[in-house]
Novice: 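Here it is, the structure, as structure tokens.
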Amino acid sequence: NRELFFSLLGAELAKEGFEYKKSINGFSKKENGNEYLYEFEIWPQFMQIDPNYRILIKEVEQVKKKAWGKFYRKFESVGDYKYNLLPKEETSTHWTDTEEAVRIAVQKEIDYYYSDLKEYFRIHSDINFLDRHLNDEPNKFRIVAHNSIHTSFLAVIVAKLSDNDQLPKL
């Protein structure tokens, strides 16, 4: 089932420039210096499809490398789990215990990619969007990175990169 899932989804995502990467249980796309990751949790006995999305933004990662030196770890500039992006009444999890279930799950992921995820990747890799989103209301709680601490670092980094004149107040 795992091979079928990644084969079917990979055929569609390849049209968008994604490549299957077994090491991340998902797909990767490099474009304009950024890397877009579309990953899945895999369980040994069965495949539970619960995707997460990460973006490595070149400029953000360069600042992090320079600031953190040997403590820098390539993880994400921006990222989230699908279940955080869906309305509460929808589920992000698919069970793939049969071939039919795999095909249904693949179609749902393809539909979600074209209806929402493609746009999520586009806007969340834009430094100016992130600066406005995180810094126009700096006291509003938002998480767009791994956790609130990473999001706070990201807010300062994108403010610096976009020459936000409010940076000293953030």
Novice: Would Arg2 and Asn25 count as a side chain to side chain contact (heavy atoms under 4.5 Å, CB included) if you check the C-alpha gap in whole Å, the side-chain angles of each, and the deciding distance to 0.1 Å?
Specialist: CA-CA 10 Å; Arg2 177 182 175 159; Asn25 288 321; 2.5 Å; yes

Novice: Of all the heavy-atom pairs spanning Asn34 and Lys58, show the shortest one and how long it is.
Specialist: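 Taking every non-hydrogen atom into account, OD1-N, 2.9 Å.
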
Novice: Search all heavy atoms of Leu161 against all heavy atoms of Glu59 and return the closest pair with its distance.
Specialist: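 Where Leu161 meets Glu59 most closely, the heavy atoms are CD1-CB, 3.7 Å.
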
Novice: Spell out, yes or no, whether Val102 and Ile104 are grouped together once hydrophobic residues are joined by side-chain heavy atoms under 4.5 Å, including indirect joins.
Specialist: no

Novice: With a 4.5 Å cut-off on side-chain heavy atoms, are Lys160 and Val63 touching?
Specialist: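 Of all side-chain heavy-atom pairs linking Lys160 with Val63, none is under 4.5 Å.
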
Novice: Look at the side chain of Thr151 and the backbone N and O of Ala145, then say whether any donor-acceptor pair between them is shorter than 3.5 Å.
Specialist: yes

Novice: For the backbone of Ile149 and the side chain of Asn147, can you confirm whether one donor and one acceptor N or O come within less than 3.5 Å of each other?
Specialist: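 Answer holds: yes.
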
Novice: Should Arg142 and Glu137 count as an ion pair when the cut-off is N to O under 4.0 Å?
Specialist: yes

Novice: So how far is it from Glu35 CD to Phe121 CZ, rounded to the nearest 0.5 Å?
Specialist: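 The CZ atom of Phe121 is 10.5 Å from CD of Glu35, to the nearest 0.5 Å.
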
Novice: Strictly distance-based, threshold 3.5 Å: is any side-chain N or O of Asp131 a donor or acceptor partner for the main-chain N or O of Ser162?
Specialist: no

Novice: Let me check something: do Trp68 and Leu56 share a hydrophobic cluster, defined by ILVMFWY side-chain heavy atoms less than 4.5 Å apart, either directly or through other members?
Specialist: no

Novice: For a side chain to side chain contact (heavy atoms under 4.5 Å, CB included) check, start with the C-alpha distance between Phe141 and Ser148, then their side-chain angles and the critical distance, and finish with the verdict.
Specialist: CA-CA 8 Å; Phe141 182 76; Ser148 58; 4.0 Å; yes

Novice: If you take all heavy atoms of Ile143 and Asp80, which pair is closest and at what distance?
Specialist: O-OD2, 4.3 Å

Novice: Report the distance from atom CD of Glu100 to atom CG of Asn1, rounding to the nearest 0.5 Å.
Specialist: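 Separation between the atoms: 12.0 Å.
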
Novice: Given Tyr72, which of Lys65, Lys64, Glu61 fulfils the side-chain hydrogen bond (donor to acceptor under 3.5 Å, both in side chains) condition?
Specialist: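 Among Lys65, Lys64, Glu61, the one meeting side-chain hydrogen bond (donor to acceptor under 3.5 Å, both in side chains) with Tyr72 is Glu61.
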
Novice: May I ask you to decide whether Lys118 forms a salt bridge with Glu16, counting only side-chain N to carboxylate O separations under 4.0 Å?
Specialist: yes

Novice: Would you name the heavy atoms of Ile57 and Val78 that are closest together and state the gap between them?
Specialist: CD1-CG2, 4.0 Å

Novice: Should the heavy atoms of other residues, nucleotides or ligands under 6.0 Å from NZ of Lys29 be counted, would the total exceed 12?
Specialist: yes

Novice: Look only at the side chain of His124 and the backbone of Tyr120, and say whether a donor-acceptor pair between them is shorter than 3.5 Å.
Specialist: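 A pair under 3.5 Å: yes.
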
Novice: Transitively linked via ILVMFWY side-chain contacts under 4.5 Å: Val144 with Phe75?
Specialist: no

Novice: Identify the heavy atoms of Pro51 and Tyr38 that sit nearest to each other, and give their distance.
Specialist: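 Taking Pro51 first and Tyr38 second, the nearest heavy atoms are CB-CE2, 4.0 Å.
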
Novice: Check whether Glu39 reaches the backbone of Tyr53 with its side chain - one donor and one acceptor, N or O, closer than 3.5 Å.
Specialist: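 No, Glu39 side chain to Tyr53 backbone: no donor-acceptor pair under 3.5 Å.
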
Novice: Would a distance-only check, ignoring hydrogens and angles, find a side-chain to backbone donor-acceptor pair under 3.5 Å from Asn135 to Pro138?
Specialist: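 No; judged by distance alone, with no hydrogens or angles, the pair does not exist.
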
Novice: For Glu12 and Tyr114, test the side chains for any donor-to-acceptor distance below 3.5 angstrom and give the result as yes or no.
Specialist: yes

Novice: Between Ile24 and Phe5, is there shared hydrophobic-cluster membership here, with clusters defined by ILVMFWY side-chain heavy atoms closer than 4.5 Å?
Specialist: no

Novice: Please examine the side chains of Lys21 and Phe27, heavy atoms only from C-beta on, and report whether any two atoms are closer than 4.5 Å.
Specialist: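 The answer is no, as the side chains (C-beta and beyond) never meet within the 4.5 Å cut-off.
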
Novice: Can you tell me how far the CD1 atom of Ile55 sits from the CG atom of Leu130, to the nearest 0.5 Å?
Specialist: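 Going from the CD1 atom of Ile55 to the CG atom of Leu130 covers 7.5 Å.
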
Novice: Rounded to the nearest 0.5 Å, what's the gap from OH on Tyr112 to CD on Glu109? Could you check?
Specialist: 8.5 Å

Novice: Could you check whether the rings of Tyr20 and Phe6 sit parallel, tilted or perpendicular, using 30° and 60° as the cut-offs?
Specialist: tilted

Novice: Supply the atom-to-atom distance Ile110 CD1 to Leu13 CG, rounded to the nearest 0.5 angstrom.
Specialist: 7.0 Å

Novice: Is Ile127 linked to Ile123 within one hydrophobic cluster, defined over Ile, Leu, Val, Met, Phe, Trp and Tyr using a side-chain heavy-atom separation of less than 4.5 Å?
Specialist: yes

Novice: Closest heavy-atom contact between Leu9 and Phe40?
Specialist: CD2-CZ, 3.6 Å

Novice: Using the ring of Tyr36 (Phe, Tyr or Trp, six-membered ring only), decide whether Arg54 places NZ or CZ under 6.0 Å from its centre and within 45 degrees of its axis.
Specialist: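 The answer is no; the distance or angle limit is not met.
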
Novice: Would you give the length of the straight line joining atom OG of Ser77 to atom CD of Gln62, rounded to the nearest 0.5 angstrom?
Specialist: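 Nearest 0.5 Å value for the OG-CD distance: 10.5 Å.
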
Novice: Hey, is CD on Gln107 packed in by over 12 heavy atoms from elsewhere, all under 6.0 Å?
Specialist: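 Atom CD in Gln107 is crowded, with more than 12 foreign heavy atoms closer than 6.0 Å.
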
Novice: Test your reading of the model: is there a side-chain donor-acceptor pair from Arg132 to the backbone of Asn128, 3.5 Å cut-off?
Specialist: yes

